[in-house]
Asks: 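Quick one: the structure is below, questions incoming.
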Amino acid sequence: MENRINIGELDTLVTIQRCTIGHGTQGQKTYTFADYGKVFAKVDRQVDEVVNNTNLEEGQNVSLTCYKIAELTTRWRVIIDGRRYAITAIDPVSRVSPLNILSLHAVDDA
């Protein structure tokens, strides 16, 4: 990706959720997600076919370009159009750019 992005490309409003780690009644870790804020971002979806247990299925890679958030980690989540995504990687566009590229993976809400 090149170092420049037009402000008009940040056209999707997404919600960033912060993760708080706590302890349950038996000492286990609990993860609580709360809204950190809403930001405009550029969402790129790439659909491809993957083989899963000998079945041909549709796979989707989602990347999101947004302004840097200082305390953002891969424990946080992103909500795009009501669907939750876990952050799998955080990469800067360049060393001097104020933008990050987040690699996302859909989270099942079962």
Side-chain angles (χ1 to χ4, degrees):
M1 177 178 252
E2 63 184 23
N3 294 343
R4 296 183 195 190
I5 188 167
N6 293 328
I7 193 76
E9 293 181 50
L10 304 176
D11 60 355
T12 305
L13 187 62
V14 300
T15 302
I16 306 289
Q17 289 188 323
R18 176 190 303 233
C19 177
T20 304
I21 301 173
H23 298 285
T25 57
Q26 298 177 346
Q28 75 276 18
K29 285 185 180 179
T30 59
Y31 300 96
T32 306
F33 294 94
D35 289 356
Y36 176 79
K38 295 182 184 268
V39 297
F40 280 99
K42 176 184 175 188
V43 178
D44 292 317
R45 290 182 172 91
Q46 296 177 348
V47 178
D48 58 349
E49 293 177 341
V50 295
V51 176
N52 188 10
N53 295 329
T54 68
N55 294 326
L56 187 62
E57 297 178 358
E58 179 182 301
Q60 187 179 58
N61 294 328
V62 179
S63 64
L64 182 127
T65 305
C66 67
Y67 282 95
K68 292 180 182 177
I69 299 171
E71 59 263 18
L72 183 69
T73 69
T74 54
R75 291 193 193 271
W76 291 27
R77 286 189 181 170
V78 177
I79 299 176
I80 304 171
D81 296 329
R83 186 152 187 204
R84 291 188 173 111
Y85 293 89
I87 301 172
T88 57
I90 303 170
D91 298 310
V93 171
S94 72
R95 191 172 60 111
V96 295
S97 175
L99 300 171
N100 272 341
I101 299 173
L102 309 180
S103 298
L104 306 176
H105 178 71
V107 176
D108 280 338
D109 291 331

Asks: Could you measure the distance from the CG atom of L64 to the CD1 atom of I80? Nearest 0.5 Å is fine.
Replies: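 Going from CG on L64 over to CD1 on I80, the span is 5.0 Å.
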Asks: What distance do K42 atom NZ and C66 atom SG have between them, rounded to the nearest 0.5 Å?
Replies: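 It comes to 12.5 Å.
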Asks: Tell me, please, which residues at least two apart from T73 pass side chain to side chain contact (heavy atoms under 4.5 Å, CB included).
Replies: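 Residues passing side chain to side chain contact (heavy atoms under 4.5 Å, CB included) with T73: R75, W76.
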Asks: I'd like to know if I16 and I101 are part of one continuous hydrophobic network [Ile/Leu/Val/Met/Phe/Trp/Tyr, side-chain heavy atoms within less than 4.5 Å].
Replies: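 In one cluster: no.
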Asks: Would you check, one step at a time, whether the test side-chain contact (heavy atoms from CB on, under 4.5 Å) holds for L102 with Y85?
Replies: CA-CA 10 Å; L102 309 180; Y85 293 89; over 6 Å; no
Asks: Would you say I79 ends up clustered with I87 if hydrophobic residues are merged whenever their side chains have heavy atoms under 4.5 Å apart, either directly or through other cluster members?
Replies: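 Per the 4.5 Å side-chain linkage, I87 and I79 are not co-clustered.
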Asks: If hydrophobic clusters are built by linking Ile, Leu, Val, Met, Phe, Trp and Tyr wherever their side-chain heavy atoms come under 4.5 Å apart, do V78 and F33 end up in the same one?
Replies: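 No; F33 is not reachable from V78 via cluster members.
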Asks: Please report the C-alpha distance between T30 and I21 in whole Å, then the side-chain angles of each, then the deciding distance to 0.1 Å, and finally whether the side-chain contact (heavy atoms from CB on, under 4.5 Å) criterion is met.
Replies: CA-CA 6 Å; T30 59; I21 301 173; over 6 Å; no
Asks: Following the transitive rule for hydrophobic clusters with a side-chain heavy-atom cut-off under 4.5 Å over Ile, Leu, Val, Met, Phe, Trp and Tyr, establish whether Y67 and L13 coincide in one cluster.
Replies: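 Linked, Y67 and L13 end up in one cluster.
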Asks: Examine V93 and L72 and state if one hydrophobic cluster contains both, with Ile, Leu, Val, Met, Phe, Trp and Tyr joined whenever side-chain heavy atoms are less than 4.5 Å apart.
Replies: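 V93 does not cluster with L72.
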Asks: Check whether S103 reaches the backbone of T88 with its side chain - one donor and one acceptor, N or O, closer than 3.5 Å.
Replies: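 No, because the side chain of S103 does not come within donor-acceptor range (under 3.5 Å) of the backbone of T88.
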Asks: Testing the basics here: between S94 and K68, what is the closest heavy-atom pair and its distance to 0.1 Å?
Replies: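 Taking every non-hydrogen atom into account, O-NZ, 4.3 Å.
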Asks: In Å, rounded to the nearest 0.5 Å, how long is the span from NZ of K29 to NE2 of H23?
Replies: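 Taking NZ in K29 and NE2 in H23, the distance rounds to 8.0 Å.
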Asks: Heavy atoms only: give me the nearest A41-V14 pair and the separation to one decimal.
Replies: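 That would be CB-CG2, 4.2 Å.
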Asks: So how far is it from N100 CG to I69 CD1, rounded to the nearest 0.5 Å?
Replies: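 Answer rounded to 0.5 Å: 8.5 Å.
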Asks: Can you measure from CD (Q17) to OG1 (T32) and round to the nearest 0.5 angstrom?
Replies: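 That separation rounds to 11.0 Å.
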Asks: Between CZ of F40 and CG of D11, what distance do you get to the nearest 0.5 Å?
Replies: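 Result: 9.0 Å between the selected atoms.
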Asks: Any side-chain heavy-atom pair from V62 and R83 closer than 4.5 angstrom?
Replies: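 They are not in side-chain contact.
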